[in-house]
Amino acid sequence: MPEHDHICVRFAPSPTGYLHLGSARTGLYNYVFARRHGGTFILRIEDTDLTRSTDEAVVQIIDSMKEMGLHWDEGPGAPGPHGPYRQTERGDIYREYVQKLFESGHLYPCFCTPEELDAERAAAQAEGRGWTYSGRCRGLDTAEVARRQAAGEPYTLRVRVPEGRTVFHDILRGEVAFENDTMGDFIVVRSDGSITYNLAVVVDDVTMEISHVIRGDDHISNTPKQVVIYRALGARVPEFLHMPLLFGTDKKKLSKRHGATKLEQLTAEGFLVEVVRNYLCFLSAEFDESMITWSLDDLVAHLDVTKLGTSPSIFDPEKLRWMNGRYLRAMTDEWLGDRLVGYLTRVGFYGDPAGVGEIAAQGAQALAHAVEDAETEHVPPTVPDEEQEALTRAIAPLVHEKLEVLADFIPMAGWFFRPLEFTPEALERLRGTAGAAETLTTAAAGLRDLEEWDVPSVETLVRELPPALSLKPKAVFAALRLGMSGQSVTPGLFESLWALGRDNAVARLGQAAALLG
RNA sequence: GGCGCAUUCGUCUAGGGGCCUAGGACGCCGCCCUCUCACGGCGGUAACAUGGGUUCGAAUCCCAUAUGCGCUACCA
């Protein structure tokens with residue numbers, strides 16, 4: 001996009017809640033675009049809606065941005081030449097521009113009351129006609145305006161929209177045209193003196209010298225109004241890029257009903273930010289496996305925002321899971337160990353392995369909700385003791401290829417951290433396994449007497465068991481697996497026994513054998 | 001209602017007039033590998049919204065229709 005001397009983009013969320021994944025995606029693309037073209041990335045908070053905006057939401061948005069690694073050049077906490085960066089702090093600027101527009105004759109006062117307008121609108125609706133403002137106050141002469149203002153009649157300021165059509169360029173769709181009479185003379189300053197969204201964005205984008213407006217395509221219909229304002233201001237109209245929206249699996253705009261829609265919840269479920277970030281980028285773009293492990297810098301180097309698709313994409317948790325697993329497997333065991341320790345700490349696993357295990361058994365979302373509750377109440381997570389941390393790192397290689405999300409660690413390996421325990425079903429299964437008691441006692445004795453405590457020795461011993469006891473290997477493995485863990489699904493048997501440590505392994509098998517007696 | 005945007009397997013997409021009996025990925029199914037669960041490998045299932053044009057030839061161009069979404073506010 002080289003025709004601009006300086007590329008400057010902005011991401012402008014309104015702080016009415018946490019950072020929605022769809023918005024996160026918009027922020028991402030803005031960031032990538034800015035970095036790719038050596039431009040400036042501004043974070044602007046659109047908090048003109050006082051009733052819905054909260055400072056807490058601002059903090060959350062900032063946290064999410066930081067977690068994704070999206071650093072802004074200018075914005076909250078990063079002062080620059082285009083500040084302030086919250087709309088509520090830009091009142092003087094807006095007033096100045098309203099003055100300008102008014103003096104140049106692009107604005108006129110309108111004394112129509114909301115009631116009158118509503119009535120007109122209702123009438124038009126009843127007849128099945130479209131409605132736009134009639135322009136009744138457009139031709140009021142100055143004397144009358146002065147008289148009514150003096151009388152204290154409330155009024156709004158409307159834009160004198162010119163005849164003709166408004167055409168703008170969208171990078172993804174080309175020329176988009178609107179007939180001007182479909183927008184009517186719209187309000188830009190309310191009767192209480194506050195200004196409306198369409199004016200605020202334009203003034204902000206003009207004063208911030210934004211060269212490219214990258215936002216969701218739900219803004220396409222607003223764009224012609226904004227273009228009219230740019231023209232009235234004599235300002236250069238930026239390039240637009242309206243990205244397709246993100247939907248849930250029911251083809252509706254993504255919302256809380258679709259489960260995880262915010263980054264924090266996804267990471268609490270065991271997804272990695274890096275993966276969520278990349279996944280968000282690859283929607284609306286061609287998928288290539290090598291992209292899975294891309295870093296933010298790779299994204300900047302390879303992702304061409306101007307080649308996105310134009311139809312809405314659906315957020316597919318299944319594919320995200322798969323990508324997460326691929327990413328995990330591409331990393332080293334040490335890396336996985338670090339991440340697991342961090343994740344398990346966050347979800348409170350080390351403080352209560354059994355309790356967290358139960359919650360996790362109800363599903364990743366249940367776990368995420370529990371984490372969210374703890375975090376909003378600022379409950380400090382329990383850090384692992386030395387033994388727990390070492391055990392986690394020792395197990396990491398054993399579960400590495402079995403994990404799709406980090407949370408999968410808990411059902412797969414949580415038993416390592418708890419005393420041996422059986423559900424009635426598990427015990428039943430152990431009883432039903434041929435030669436279980438004999439297998440357990442023999443194995444326990446063998447392990448106790450093993451010369452070297454390493455995986456090959458354990459394996460050799462265990463593999464000698466079936467012929468020695470005249471049992472099928474399957475039966476022997478099943479008995480030992482159940483006997484050491486109380487579960488029928490675990491990481492590899494030999495490795496698990498080894499990781500347990502000799503004493504622990506022998507003790508567990510002994511306990512299990514005792515239960516059968 | 002008006003205006004706008006969108007429309008290829010269930011999902012993400014490739015495709016920009018003949019290379020398409022439409023390719024890849026997730027999911028799903030089957031087989032192989034295998035101590036459970038997985039990983040991995042192999043194979044399979046499944047789509048051009050509909051109707052008209054234009055053209056020797058259309059998933060690709062044009063027009064309608066349908067469907068979805070958005071805007072149509074003194075919301076952002």
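Proteins come first, then strands; the chains are lettered A, B, ... in the order of their sequence lines, and each starts at number 1.
Separating the P atom of G24(B) from that of G44(B) is a span of 9 Å, rounded to the nearest Å. Taking the P atom of each, C37(B) and C28(B) are spaced 15 Å apart, rounded to whole Å. Here the separation of A46(B) from U13(B), taken at their C1' atoms, is 15 Å to the nearest Å. The same atom, P, is picked in U7(B) and in C48(B); the two are 15 Å apart, to the nearest Å. Between A73(B) and A14(B), the distance separating the two P atoms is 36 Å to the nearest Å. When the P atom is compared between A38(B) and C29(B), the two are found 11 Å apart, to the nearest whole Å. U21(B) sits 14 Å from A59(B) when the C1' atoms are compared, rounded to a whole Å. As rounded to the nearest Å, U60(B) and U8(B) have P atoms that lie 12 Å from one another.
In this structure, of G2(B), C74(B), G27(B), it is G27(B) that holds the atom nearest to the side chain of Glu404(A). For Glu286(A), counting side-chain heavy atoms from C-beta on, the closest listed nucleotide (A14(B), C3(B), A25(B)) is A14(B). For Lys402(A), counting side-chain heavy atoms from C-beta on, the closest listed nucleotide (C71(B), C37(B), A25(B)) is C37(B). In this structure, the nucleotide among C69(B), A76(B), C71(B) sitting nearest to the side chain of His219(A) is A76(B). Candidate nucleotides C37(B), A76(B), C3(B) were compared by shortest atom distance to the side chain of Gln87(A), and A76(B) ranks first. Among the nucleotides U36(B), C71(B), C3(B), the one closest to the side chain of Val489(A) is U36(B). Set against C37(B), A6(B), C71(B), the side chain of Asn222(A) has C71(B) as its closest nucleotide. Listed candidates were G27(B), C35(B), A76(B). Nearest to the side chain of Glu46(A) is A76(B). In the set G27(B), A76(B), C69(B), the nucleotide with an atom closest to the side chain of Glu318(A) is G27(B). Proximity note for Pro114(A) (side chain, C-beta onward) versus C74(B), C5(B), C35(B): the nearest is C74(B).
Side-chain rings of Phe11(A) and Tyr29(A) stay apart, their centers remaining 6.0 Å or farther from each other.
RNA chain B is contacted by both Arg158(A) and Lys319(A); Lys319(A) maps to the nucleotide lying nearer its 5′ end (nearest heavy atom per residue). Heavy-atom distances to RNA chain B give each of Leu403(A) and Glu179(A) a nearest nucleotide, and the one nearer the 5′ end belongs to Glu179(A).
Taking a cutoff of 4.0 Å between a charged side-chain nitrogen and a carboxylate oxygen, Asp304(A) and Lys307(A) qualify as a salt bridge. Salt-bridge check for Arg10(A) with Asp205(A): passed, with a basic side-chain N closer than 4.0 Å to an acidic carboxylate O.
Contact annotation for Pro224(A): no contact, since no heavy-atom pair falls under 4.0 Å across all strands. Heavy atoms of Ser313(A) sit under 4.0 angstrom from primed sugar atoms or phosphate atoms, though from no base atom. Contact annotation for Arg329(A): backbone-only contact, meaning every heavy-atom pair under 4.0 Å involves sugar-phosphate atoms and none involves a base. Pro473(A) comes within contact range of no nucleotide atom at all, as no heavy-atom separation falls under 4.0 Å. Using a 4.0 Å heavy-atom criterion, one finds that Ser284(A) contacts the sugar-phosphate atoms exclusively. Backbone-only engagement by Ile220(A) is indicated by non-hydrogen atom pairs under 4.0 Å involving sugar-phosphate atoms exclusively. Residue Gly492(A) is in base contact, counting any heavy-atom pair closer than 4.0 Å across all strands shown. At a threshold of 4.0 angstrom between heavy atoms, the contacts of Thr490(A) include nucleobase atoms, whether or not backbone atoms are also involved. Within the nucleic acid shown, Thr16(A) has no heavy atom closer than 4.0 Å to any nucleic acid atom. Contacts of Thr156(A) with the nucleic acid, taken as non-hydrogen atoms under 4.0 Å apart, include base atoms. Within the 4.0 angstrom heavy-atom criterion, base atoms lie near Ser488(A). Within the nucleic acid shown, Phe186(A) has no heavy atom closer than 4.0 Å to any nucleic acid atom. Within the nucleic acid shown, Val176(A) comes within 4.0 Å of sugar-phosphate atoms alone, with no base atom in reach, counting heavy atoms only. Across all strands shown, Ala124(A) has no heavy atoms under 4.0 Å from either base or sugar-phosphate atoms.
With hydrogens and angles ignored, a donor-acceptor pair under 3.5 angstrom links the side chain of Ser221(A) to the base of G70(B). Side-chain to base pairing of Ser191(A) with C74(B): one donor and one acceptor N or O lie within less than 3.5 Å of each other. A donor-acceptor contact under 3.5 Å is not formed by the side chain of Asp288(A) with the base of A25(B).
Between C5(B) and Arg215(A), no contact under 4.0 Å exists linking OP1 or OP2 to a side-chain N or O. Under 4.0 angstrom from either OP1 or OP2 of U72(B) there lies no side-chain N or O belonging to Arg121(A). One finds no side-chain N or O of Arg321(A) lying less than 4.0 angstrom from the OP1 or OP2 phosphate oxygen of C26(B). Contact between the side-chain N/O atoms of Lys474(A) and the OP1/OP2 oxygens of U36(B) is found at a separation under 4.0 Å.
Ring geometry for Tyr18(A) against His20(A) counts as parallel: the plane angle stays under 30°, on a 0 to 90° scale with 60° as the upper cut. Under the 30°/60° scheme for interplanar angles, the aromatic rings of Trp322(A) and Phe287(A) are found to be tilted.
Of all nucleotides present, none satisfies the Watson-Crick or G-U wobble test against A59(B) with each distance under 3.5 Å. The partner of A22(B) cannot be assigned: no Watson-Crick or G-U wobble pair with both contacts below 3.5 Å exists in any strand. Across the strands present, C9(B) finds no partner; the criterion is a Watson-Crick or G-U wobble pair with both atom distances under 3.5 angstrom. Judged by Watson-Crick or G-U wobble contacts below 3.5 Å, the nucleotide A73(B) has no partner. Within the shown strands, G41(B) is the pairing partner of C31(B) under the Watson-Crick or G-U definition, both distances less than 3.5 Å. Searching all strands for a Watson-Crick or G-U wobble partner of A49(B) with both distances below 3.5 Å returns U65(B).
Base orientation of C42(B): anti, the glycosidic angle falling outside 90° of 0.
The distance between atom CD of Glu401(A) and atom P of C33(B), rounded to the nearest whole Å, is 17 Å. Taking atom CD of Glu289(A) as the reference point, atom C1' of G41(B) lies 13 Å away to the nearest angstrom. Tyr279(A) has its OH atom 12 Å from the P atom of U11(B), to the nearest Å.
At least one cation-pi condition fails for Arg148(A) and Tyr155(A): the charged atom is not both under 6.0 angstrom from the six-membered ring centre and inside a 45 degree cone around its axis.
When each of Asn30(A), Leu280(A), Leu245(A), Val276(A) is checked for a side-chain contact (heavy atoms from CB on, under 4.5 Å) with Arg25(A), only Leu280(A) meets the rule.
Note that the CD atom of Glu269(A) and the CD atom of Gln365(A) stand 5.0 Å from one another [nearest 0.5 Å].
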For this session: Evaluate side-chain contact (heavy atoms from CB on, under 4.5 Å) for Phe409(A) paired with Ile395(A), printing each intermediate quantity in order.
Result: CA-CA 9 Å; Phe409(A) 179 91; Ile395(A) 298 169; 3.8 Å; yes
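Considering only residues two or more places apart in sequence or on other chains, Phe417(A) meets the ring-ring contact (aromatic ring centres under 6.0 Å, His included) condition with Phe349(A).
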